[in-house]
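This one's a predicted model, so the numbers in the text were calculated from it and none came from an experiment. The chains referred to below are lettered A, B, ... by the order of the sequence lines, with proteins before strands, and numbering in each begins at 1.
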Protein chains: 2
Amino acid sequence: MDIKLKARYEALSRVIKALSHPTRLLIVEELSRSRYCVCELTEMVGADTSTVSKHLSILKNAGLIKDHKVGASVYYELLTPCVLDFIGCIEDVIKETAEKQLEATGIVTV
Amino acid sequence: MDIKLKARYEALSRVIKALSHPTRLLIVEELSRSRYCVCELTEMVGADTSTVSKHLSILKNAGLIKDHKVGASVYYELLTPCVLDFIGCIEDVIKETAEKQLEATGIVTV
DNA sequence: TGCAATGTTGGCAATATAACCAAATACCCA
DNA sequence: TGGGTATTTGGTTATATTGCCAACATTGCA
């Protein structure tokens with residue numbers, strides 16, 4: 001395969017990989033509503049602060065969010081609202097899959 | 001966190017994870033243009049047939065593609081064209097990130 | 001029927017992810 | 001300045017992912 005194309009797919013997959021974790025999806029959706037600091041997100045996620053901090057750094061590294069300090073706190077905000085459409089698309093995929101599985105059972109006809 | 005919400009994020013991340021691999025992105029884009037059998041995709045990808053077959057089964061499992069046999073061959077087709085928009089969005093993210101890095105060097109002003 | 005071609009599955013080794021704890025850093029205020 | 005709060009980073013362990021090879025299954029054809 002062409003080297004340039006390969007690099008493109010690798011770059012794409014790096015960003016998509018950043019989105020492919022339940023906690024990071026939650027963070028992205030929350031940040032689509034408002035800016036939050038790490039401690040607020042930690043509360044929402046319900047995990048160790050260090051864990052949340054690492055998730056945030058992965059999203060930031062992927063270019064999806066950015067941060068700014070306010071006092072001792074670090075606030076994060078979403079840079080790319082288009083990822084929300086993406087989530088909507090994936091949600092449709094899941095819905096269709098579920099419907100097909102229901103059909104397969106023969107219990108209902110959609 | 002709410003159990004139902006958690007399940008939703010896990011379902012989303014399962015599908016996104018299926019997309020988060022260079023080879024699988026290539027396959028999705030190719031399948032957006034036409035149906036292909038495993039041997040054709042193997043050629044395009046340039047990896048072992050078994051490797052490609054496993055990638056295809058991951059995409060199929062995620063509900064993104066489906067297959068049908070024609071003789072000894074298995075053809076795959078894309079079920080969800082909306083993932084292409086998604087790829088476009090991610091491409092923008094990458095572009096913006098690259099521009100910012102250029103700016104940071106001070107070499108150019110965008 | 002026997003063989004060649006097409007795919008899938010199991011196994012193994014290498015690598016990547018993820019979560020927690022502990023330690024280090026940065027910042028604010030008394 | 002000293003302590004407390006907020007965050008990041010390093011270390012460790014457990015788990016998941018990936019790629020190839022080998023073995024097996026299916027199909028078509030001579």
Side-chain angles (χ1 to χ4, degrees), chain A residues 1 6-7 9-28 30-31 34-78, chain B residues 1 6-7 9-28 30-31 34-78:
Chain A
M1 201 205 327
K6 194 178 162 201
Y9 286 119
E10 279 168 2
L12 284 170
S13 88
R14 264 193 297 278
V15 178
I16 297 176
K17 205 167 285 187
L19 286 168
S20 71
H21 189 286
T23 297
R24 296 198 287 269
L25 286 172
L26 182 157
I27 290 172
V28 165
E30 292 297 347
L31 292 181
S34 169
R35 300 178 183 188
Y36 291 108
C37 67
V38 180
C39 63
E40 289 168 324
L41 291 167
T42 297
E43 174 81 14
M44 294 171 186
V45 168
D48 196 272
T49 308
S50 69
T51 299
V52 174
S53 175
K54 278 177 185 168
H55 282 308
L56 287 165
S57 109
I58 288 168
L59 289 170
K60 180 179 157 190
N61 236 286
L64 295 163
I65 63 177
K66 76 170 185 182
D67 61 346
H68 70 279
K69 290 197 86 161
V70 177
S73 299
V74 179
Y75 281 80
Y76 283 90
E77 72 183 274
L78 188 62
Chain B
M1 200 208 323
K6 197 178 162 201
Y9 286 120
E10 281 167 1
L12 283 171
S13 86
R14 264 192 297 277
V15 177
I16 297 175
K17 200 167 289 184
L19 286 168
S20 71
H21 189 286
T23 297
R24 295 197 288 267
L25 287 172
L26 182 157
I27 289 172
V28 165
E30 292 296 348
L31 291 182
S34 168
R35 303 177 181 189
Y36 289 109
C37 65
V38 179
C39 62
E40 289 170 326
L41 291 167
T42 297
E43 175 81 13
M44 295 171 185
V45 168
D48 195 90
T49 309
S50 69
T51 300
V52 175
S53 176
K54 277 177 186 168
H55 282 308
L56 287 165
S57 107
I58 288 169
L59 289 170
K60 181 179 156 188
N61 234 289
L64 294 164
I65 62 178
K66 76 171 185 183
D67 61 347
H68 71 278
K69 290 197 86 163
V70 176
S73 299
V74 178
Y75 281 82
Y76 282 90
E77 72 183 276
L78 188 62

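Across D:dG19, D:dT8, C:dA18, the shortest atom-to-atom separation from the side chain of A:S53 is found for D:dT8. Listed nucleotides: D:dT27, C:dG7, D:dT7. Nearest to the side chain of A:V74: D:dT7. Residue A:A47 places its side chain closer to C:dC20 than to any other of C:dC27, C:dA19, C:dC20. Considering only side-chain atoms of B:S50, the nucleotide from D:dC21, C:dA18, C:dC27 that sits closest is D:dC21. Considering only side-chain atoms of A:S73, the nucleotide from C:dA18, D:dT7, C:dG7 that sits closest is D:dT7. Nearest to the side-chain atoms of B:T51 among the listed nucleotides D:dG19, D:dT27, C:dG7 stands D:dG19. The side chain of B:K69 approaches D:dT27 more closely than any other nucleotide in the set C:dT8, D:dT27, D:dT7.
The shortest distance between the side-chain N/O atoms of B:H55 and the OP1/OP2 oxygens of D:dG19 is below 4.0 Å. Checking the phosphate oxygens (OP1, OP2) of C:dT8, a side-chain nitrogen or oxygen of B:Y76 falls inside 4.0 Å.
With rounding to whole Å, A:I27 atom CD1 is found 13 Å from C:dA18 atom C1'. We find that OH of A:Y75 is positioned 10 Å from P of D:dA6, with the value rounded to whole Å. If you measure from atom NE2 of A:H21 to atom P of D:dT15, you get 15 Å, rounded to the nearest angstrom. Distance CG (A:D48) to P (C:dA23): 14 Å, rounded to an integer number of Å.
With hydrogens and angles left out, the side chain of B:K54 and the base of C:dG11 share a donor-acceptor pair within 3.5 Å. For B:K60 and C:dG7, a side-chain-to-base donor-acceptor distance below 3.5 Å is absent, hydrogens and geometry of angles not being considered.
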